[in-house]
**Q** 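I have a structure I would like to understand better, so I am pasting it below and will then ask my questions one at a time.
These numbers come from a predicted model, not from an experiment. Along the sequence shown, residues carry numbers from 1. As the structure lists them, so they are numbered: ligands from 1, and atoms in each ligand from 1.
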Amino acid sequence: MKKIHWIAGVLIAAILVPGLLFGKSKAQVAYPEGYQSWTRVKSMIILEGHVHFNAFGGFHHVYANDKALESLKNRKPFAKGSVLVFELFESIVENNAITEGPRQVIGVMEKDPNRFTGTKGWGFEDFKLADPNQRSVTNMRDQCFSCHESQKANDYVFSTYRK
Ligand code: HEC
């Protein structure tokens with residue numbers, strides 16, 4: 001009888017432990033409501049031929065909430081609650097002008113060292129068409145952090161604020 005209990009115990013543990021380790025709900029970046037009225041930090045147009053064209057070619061703007069702006073201005077590490085948004089539009093090159101086409105995606109970085117422990121405190125997410133229901137990041141480290149890691153000296157952020 002004892003042996004059966006023991007076996008049952010092992011079986012239950014084998015089912016529960018991986019669930020606890022790997023199945024726990026992953027921390028998610030919150031949708032950045034109202035980001036378009038935050039501070040625009042910078043804009044850039046990436047045309048064909050640029051190294052990042054395939055990943056995010058087009059017309060983009062970077063927005064920062066108040067907390068993130070404070071760090072950008074003072075060039076200090078970002079406080080918990082800092083959020084940065086990378087908003088990407090198609091770019092239309094026409095009549096000697098480059099204009100914004102349809103919106104493609106917003107990329108979001110949210111700082112919370114308690115929730116995003118595997119990526120130096122930053123959570124990453126892409127919302128296709130800026131739709132709160134169309135998340136597309138399944139692995140923050142591989143899809144996003146791996147490249148942002150090069151900006152360690154600036155707390156993993158590429159953009160700088162021009163006063
Ligand atoms: C191949 C490199 C690379 C990858 C992968 C990448 N980024 Fe970036 N990201 C950049 C660069 C370069 C910039 C700066 C763009 C500029 O100067 O306008 C940037 C800017 C940003 C910004 C604005 C803040 C900042 O760092 O300037 C956010 C938000 C952002 N990325 C989110 C994401 C998310 C979310 C992912 C994953 C889905 C991701 N990025 C993947 C290179 C990358």
Side-chain angles (χ1 to χ4, degrees), residues 22-94 97-163:
F22 307 112
K24 67 175 178 199
S25 63
K26 272 202 270 172
Q28 276 193 333
V29 166
Y31 185 80
E33 283 308 335
Y35 70 91
Q36 282 159 304
S37 45
W38 296 355
T39 301
R40 187 202 61 95
V41 176
K42 65 163 296 196
S43 301
M44 182 178 178
I45 301 165
I46 295 181
L47 299 171
E48 205 159 357
H50 187 276
V51 282
H52 295 319
F53 181 76
N54 287 338
F56 40 90
F59 203 147
H60 73 249
H61 308 285
V62 173
Y63 291 93
N65 70 356
D66 288 347
K67 276 194 180 156
L69 188 65
E70 178 78 17
S71 304
L72 282 170
K73 280 184 171 169
N74 301 311
R75 294 199 159 243
K76 48 176 204 190
F78 291 79
K80 180 178 170 183
S82 296
V83 181
L84 293 154
V85 174
F86 177 104
E87 181 181 44
L88 179 67
F89 296 86
E90 241 171 60
S91 65
I92 298 174
V93 187
E94 214 172 51
I98 303 175
T99 49
E100 291 172 357
R103 186 184 284 113
Q104 303 294 297
V105 67
I106 57 170
V108 183
M109 289 172 68
E110 178 187 349
K111 184 80 175 273
D112 186 345
N114 304 329
R115 281 156 65 221
F116 305 112
T117 48
T119 42
K120 301 286 182 195
W122 283 107
F124 292 83
E125 186 63 273
D126 262 0
F127 294 92
K128 227 179 134 194
L129 305 175
D131 176 352
N133 300 314
Q134 295 196 54
R135 293 174 179 264
S136 52
V137 171
T138 50
N139 187 321
M140 296 181 189
R141 177 164 273 283
D142 293 354
Q143 288 170 257
C144 314
F145 185 70
S146 56
C147 188
H148 278 255
E149 203 164 13
S150 65
Q151 300 308 302
K152 186 172 178 200
N154 299 319
D155 198 6
Y156 308 98
V157 169
F158 283 93
S159 300
T160 52
Y161 185 74
R162 179 172 43 201
K163 289 187 181 166

**Q** For the residue pair F89 and H61, categorise the inter-ring angle as parallel (less than 30°), tilted (30 to 60°) or perpendicular (more than 60°).
**A** perpendicular
**Q** Once you restrict to heavy atoms under 4.0 Å, what part of V137 touches ligand 1? Side chain, backbone, both or neither.
**A** side chain
**Q** Using a plain distance cutoff, I'd like to know if Y156 has any nitrogen or oxygen under 3.5 Å from a nitrogen or oxygen of ligand 1.
**A** no
**Q** Could you list which atoms of ligand 1 come closer than 4.0 Å to a heavy atom of D126?
**A** 35 (C), 38 (C)
**Q** Test D66 against E70 for side-chain contact (heavy atoms from CB on, under 4.5 Å), laying out the working first.
**A** CA-CA 6 Å; D66 288 347; E70 178 78 17; over 6 Å; no
**Q** Measuring from the heavy atoms of H60, does anything fall under 4.0 Å of ligand 1?
**A** yes
**Q** Could you find the nearest protein heavy atom to atom 16 (C) of ligand 1 and give me its residue, atom name and distance?
**A** K42 NZ, 3.1 Å
**Q** Report yes if the side chains of C147 and F158 come closer than 4.5 Å at any heavy-atom pair, otherwise no.
**A** yes
**Q** To which protein heavy atom is atom 1 (C) of ligand 1 closest, and what is the distance rounded to 0.1 Å?
**A** C147 SG, 2.9 Å
**Q** So is there a nitrogen or oxygen of H148 less than 3.5 Å from a nitrogen or oxygen in ligand 1?
**A** yes
**Q** Out of K67, K80, R115, which residue meets the salt bridge (charged side-chain N to carboxylate O under 4.0 Å, His left out) rule with E110?
**A** R115
**Q** Does F56 have a non-hydrogen atom less than 4.0 Å from ligand 1?
**A** yes
**Q** Got the closest protein heavy atom to atom 35 (C) of ligand 1, with its distance?
**A** E125 O, 3.3 Å
**Q** Please check this pair: side chain of E125 against backbone of V137, looking for a donor-acceptor N/O pair closer than 3.5 Å.
**A** yes
**Q** Side chains of D155 and K76: closer than 4.5 Å at any heavy-atom pair?
**A** no
**Q** Using distance alone, determine whether F158 and ligand 1 share an N or O pair under 3.5 Å.
**A** yes
**Q** If I apply the N/O under 3.5 Å rule, does Q143 come out as touching ligand 1?
**A** no
**Q** Counting only nitrogen or oxygen atoms and a 3.5 angstrom limit, does H52 reach ligand 1?
**A** no
**Q** Is K26 close to M140 at the side-chain level, that is, under 4.5 Å between some pair of heavy atoms?
**A** no
**Q** For atom 27 (O) of ligand 1, which protein heavy atom lies nearest, and how many Å away is it?
**A** S159 OG, 2.6 Å
**Q** Once you restrict to heavy atoms under 4.0 Å, what part of V157 touches ligand 1? Side chain, backbone, both or neither.
**A** both
**Q** Any non-hydrogen side-chain atom of F127 less than 4.5 Å from a side-chain atom of Q134?
**A** no
**Q** Please list the nearest protein heavy atom to atom 23 (C) of ligand 1 with its residue and the distance rounded to 0.1 Å.
**A** V62 CG1, 3.8 Å
**Q** Please step through side-chain contact (heavy atoms from CB on, under 4.5 Å) for the pair K120 and F145, ending with a clear verdict.
**A** CA-CA 9 Å; K120 301 286 182 195; F145 185 70; 3.4 Å; yes
**Q** I would like to know whether V83 and W38 meet side-chain contact (heavy atoms from CB on, under 4.5 Å); could you show each step before the answer?
**A** CA-CA 10 Å; V83 181; W38 296 355; 3.7 Å; yes
**Q** Report the nearest protein non-hydrogen atom to atom 22 (C) of ligand 1: residue, atom name, distance rounded to 0.1 Å.
**A** F86 CB, 3.7 Å
**Q** Quick one: do Y156 and F78 satisfy side-chain contact (heavy atoms from CB on, under 4.5 Å)? Show the steps, please.
**A** CA-CA 10 Å; Y156 308 98; F78 291 79; over 6 Å; no
**Q** Name the closest protein heavy atom to atom 37 (C) of ligand 1, giving the residue it belongs to and the distance to 0.1 Å.
**A** C144 SG, 1.9 Å
